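For reference, the structure is listed below as structure tokens.
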There are 2 protein chains.
Amino acid sequence: MATIRDVAKLAGVSVATISRYLNKSGYVNVETEQKIKKAIEALNYEPNAVARGLAGKKTNTIALILPDISNPFFPELARAVEDVASMYGYTVILCNSDDEGVKEKSYIEVLKKKYIDGIIFASNTLDSADVEQMTKKGIPVVCLDRVPPKQSCSVVRSKNREGAKLAVEHLLSMGCRKIAHIYGPQEFITAKERLAGYEEAVMHLDWYSPTFMIQGDFRIEGGIRATELLMERHPDVDAIFAGNDLMAVGTLKALHRMGVQVPGQVAVCGFDGIGMTEITQPELTTVAQPIYEMGALVSRILIKKIEGTLEADQTYELDVALVPRESTLRRNGHESS
Amino acid sequence: MATIRDVAKLAGVSVATISRYLNKSGYVNVETEQKIKKAIEALNYEPNAVARGLAGKKTNTIALILPDISNPFFPELARAVEDVASMYGYTVILCNSDDEGVKEKSYIEVLKKKYIDGIIFASNTLDSADVEQMTKKGIPVVCLDRVPPKQSCSVVRSKNREGAKLAVEHLLSMGCRKIAHIYGPQEFITAKERLAGYEEAVMHLDWYSPTFMIQGDFRIEGGIRATELLMERHPDVDAIFAGNDLMAVGTLKALHRMGVQVPGQVAVCGFDGIGMTEITQPELTTVAQPIYEMGALVSRILIKKIEGTLEADQTYELDVALVPRESTLRRNGHESS
DNA sequence: AATCAATATGTAACCGGTACCACATGACAG
DNA sequence: CTGTCATGTGGTACCGGTTACATATTGATT
């Protein structure tokens, strides 16, 4: 591989001039420019990114730290992040944290040593002190689904509370009268907010009782178990709103095993809008987050932050949308109202 | 951040000694070692990975080039690759090629400039000349699902042909007598081999006809369309073997829309063993590839190759396993025989 | 006593860029 | 005629490591 000095020699100028030409920093005469162009062509020269990284402390690399890429929520997000990143000339390092603080921290150590330009956190263990420390050390950070922090860190999230209300309203409008909720682990702010939204929407209704709320684990298995427990406790429910799609899939499975008709006897609604919801039988009604958009946005914000064109850190709350499908389609409902 | 020279100064030795100590290359006296340890501790020194990369042309970074991380086959693979990589101290760069040669090539250019240590290809457009060129330039490459090449490149694949036969045999043993096959795009060697395996397994049967083979696109939509066409052409089929799970899901959807019972009237079998197969209704019988193991293996091979401990390039053909589920469960079948 | 290998450490070039600073030239204002 | 500014270019220190080579000490071998 040719180096900048080879090019300089061949073009008959100094390395400084080549560097100026490459980075469009400083003056370069048009004729000189031509000579340089030719030399670069002739030598098939490509600037070395590592050397650039060392000299400039900028590597055009960002990291995406998420709990687990095999969780169906994240591939689409990762895809969006990578699409935007590559559009802006950045490369993406993928890190699976399993939501374990230790792993996160150790990734951060490695990434710092690699002069990573910035980090996207879609993982949940980091607290705001950690984040602040990062930004203080000059590493831009943007977070997903986190509570809006005071300090320097943008956050992208979606309207979980509103989404939950949307779900409840939809179920009510479909004629459901006893709507249960399977909530996710309360360490996750998303789970907390969805639960809050549910409670807010149902607490004034006459049938309301805390026993309609039951804990799940945001996974299929947890959805199954929670549904079993729930149906035992409340054989009278006619709708289940699960805190995420995976648990809703579990609910569907459990109800099917019990011989309960969906949506005939019990309507089911999920949350997230992952692809799986379109392949269940019946297809799953869900409160869809704009997953791709979230990834694209978070990634654009990070890059802006890296390049210093971000005015101020902000929290972006994206709209969610109810996607009505078979699993809540009840003839006795009336979608108006 | 402290540098190696700071440490050297504080420990009262030269940078060379520090470097030797850090890399366990060359001699370092035990007492000196202690002094260095203390100095490193005191300064909270961490070697700079970029500088190391520049000096040693080794970055402890590998790239994973795949068509699309949001295709359900790849997240598990990516997870495995990242798990193994991080276990060995490597970091993974994720690249989505969309199976477009141009994107692949442009990623490769970027990655070379970044002194990436090696590449895993799970994408399909690169031909063996490209691969050879890579290895010639000193970049280790390992491929997934590719035809075994003569030259220096290990390949991990699974027994597609055998898997297809397994599927057909299973369907026959379940009492099916007219088994159709929806095959994937023939640019993909996997699709080709599965088709070949199917043909081999059924061509001697009396009902055999090429009209039982129909093209899909390896996606849900293609599975739906192919199934519609097929059922119109052959209302008499009692089993459909789809070339991958996504198409099988499409088949399930299409049959459900037509009111065809699965497995009662038509049994359905997929290929790949992605998570989705467990959440369809009925659950999908599939020929499962050991996806995680493939990722782990390919990643281990690459790292061995990078570290020079790989004896010779090889092709690894992994076993597939038929996972019988509801979608092929026919009472009139006899799983023995 | 001379020779040699093993141990231990330092010097400095090198990896391939960036960027600060100095310097040169020509035009134009005062 | 001098000062200033825009344009254009080169020299070189620096980023933070690695490593080839030189040098020194020590103990064992012959």
Side-chain angles (χ1 to χ4, degrees), chain A residues 1-37 39-40 43-61 89 109-117 138, chain B residues 1-37 39-40 43-61 89 109-117 137-138 307:
Chain A
M1 275 287 92
T3 75
I4 197 172
R5 289 170 226 268
D6 299 329
V7 177
K9 198 168 292 172
L10 185 61
V13 296
S14 76
V15 294
T17 306
I18 309 289
S19 180
R20 253 177 265 125
Y21 165 81
L22 291 171
N23 304 300
K24 301 185 194 331
S25 58
Y27 299 109
V28 177
N29 187 292
V30 266
E31 291 166 33
T32 313
E33 206 168 307
Q34 292 312 312
K35 284 192 289 182
I36 295 178
K37 226 176 245 171
I40 287 178
L43 295 171
N44 211 321
Y45 168 75
E46 298 267 8
N48 178 315
V50 180
R52 269 190 165 162
L54 179 59
K57 301 189 178 335
K58 173 115 189 344
T59 53
N60 280 305
T61 306
E109 284 312 305
V110 174
L111 297 171
K112 272 201 297 198
K113 289 190 223 169
K114 294 204 176 190
Y115 279 166
I116 221 78
D117 295 332
Chain B
M1 276 288 91
T3 75
I4 198 172
R5 290 172 225 267
D6 299 329
V7 177
K9 197 167 295 171
L10 186 60
V13 295
S14 76
V15 294
T17 305
I18 309 290
S19 181
R20 255 176 261 126
Y21 165 79
L22 291 171
N23 304 300
K24 301 184 195 328
S25 57
Y27 298 109
V28 176
N29 186 292
V30 266
E31 292 165 33
T32 313
E33 204 167 305
Q34 292 312 313
K35 285 192 288 180
I36 296 177
K37 227 175 246 174
I40 288 179
L43 294 171
N44 210 319
Y45 169 75
E46 298 267 8
N48 179 315
V50 180
R52 270 192 164 162
L54 179 58
K57 298 185 180 339
K58 174 116 189 340
T59 53
N60 281 305
T61 307
E109 283 313 304
V110 174
L111 297 172
K112 272 201 296 199
K113 288 190 225 170
K114 294 203 177 190
Y115 279 166
I116 219 82
D117 294 331
K137 284 194 179 168
E307 304 189 340

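Computed from a predicted structure; not experimentally measured. Here is how names work: the chains are called A, B, and so on, in the same order as the sequence lines, proteins then strands, and each is numbered from 1. All values below come from the heavy atoms of this structure, side chains included, with hydrogens, waters and symmetry mates left out.
Nearer the 5' end of DNA chain C, as judged by each residue's closest nucleotide, is the contact made by B/K35, out of B/K35 and B/L54.
Rounded to an integer number of Å, the gap from CD1 of A/I4 to C1' of D/dC15 is 15 Å.
Among the heavy atoms of the strands lying under 4.0 Å from A/Y115 are primed sugar atoms or P, OP1, OP2 only; no base atom is included. Note on B/S19: a base of the nucleic acid sits closer than 4.0 angstrom, heavy atoms only.
In the region residues 43-53 of chain A, proximity to DNA chain C at under 4.0 angstrom, judged on heavy atoms, holds for A/Y45, A/E46, A/P47, A/N48, A/A51, A/R52.
Sorted by first and then second residue, the side-chain hydrogen bond (donor to acceptor under 3.5 Å, both in side chains) pairs with a member in residues 27-37 of chain B form an empty list; sequence neighbours excluded.
For A/K114, the salt bridge (Lys or Arg N to Asp or Glu O under 4.0 Å) test picks out no residue, with sequence neighbours left out. Remark: B/E307 engages B/Y90 in a side-chain hydrogen bond (donor to acceptor under 3.5 Å, both in side chains) (not counting sequence neighbours). Residues passing the salt bridge (Lys or Arg N to Asp or Glu O under 4.0 Å) test with A/K58 are A/D117, sequence neighbours excluded.
Inter-axis angle, ends of the helix from C/dA1-D/dT30 to C/dG30-D/dC1, five pairs per end, rounded to 10 degrees: 50°.
Running 5' to 3' along DNA chain C, contacts with non-hydrogen atoms of chain B at under 4.0 Å begin and end at C/dA6 to C/dG16.
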Side-chain polar contacts of residues 8-16 of chain A - donor-acceptor pairs under 3.5 angstrom, sequence neighbours left out - could you list them?
{"residue": "A/S14", "atom": "OG", "partner": "A/A16", "partner atom": "N", "Å": "3.4"}
{"residue": "A/S14", "atom": "OG", "partner": "A/T17", "partner atom": "N", "Å": "3.4"}
{"residue": "A/S14", "atom": "OG", "partner": "A/T17", "partner atom": "OG1", "Å": "3.4"}

Quiz: residues 45-56 of chain B side-chain donor-acceptor pairs under 3.5 angstrom, not counting sequence neighbours:
{"residue": "B/E46", "atom": "OE1", "partner": "A/K113", "partner atom": "NZ", "Å": "3.1"}
{"residue": "B/N48", "atom": "OD1", "partner": "B/V50", "partner atom": "N", "Å": "2.7"}
{"residue": "B/N48", "atom": "OD1", "partner": "B/A51", "partner atom": "N", "Å": "2.9"}
{"residue": "B/N48", "atom": "ND2", "partner": "A/Y115", "partner atom": "OH", "Å": "2.7"}
{"residue": "B/R52", "atom": "NH2", "partner": "B/N23", "partner atom": "OD1", "Å": "3.3"}

Between the protein and nucleotides 8-14 of chain D, list every N/O to N/O distance that falls short of 3.5 Å.
{"residue": "D/dT9", "atom": "OP1", "partner": "A/T32", "partner atom": "OG1", "Å": "2.4"}
{"residue": "D/dT9", "atom": "OP2", "partner": "A/N29", "partner atom": "N", "Å": "2.7"}
{"residue": "D/dT9", "atom": "OP2", "partner": "A/T32", "partner atom": "OG1", "Å": "3.2"}
{"residue": "D/dG10", "atom": "OP2", "partner": "A/S14", "partner atom": "N", "Å": "2.8"}
{"residue": "D/dG10", "atom": "OP2", "partner": "A/S14", "partner atom": "OG", "Å": "3.3"}
{"residue": "D/dG10", "atom": "OP2", "partner": "A/T17", "partner atom": "OG1", "Å": "2.8"}
{"residue": "D/dG10", "atom": "N7", "partner": "A/R20", "partner atom": "NH2", "Å": "2.8"}
{"residue": "D/dG10", "atom": "O6", "partner": "A/R20", "partner atom": "NH2", "Å": "3.3"}

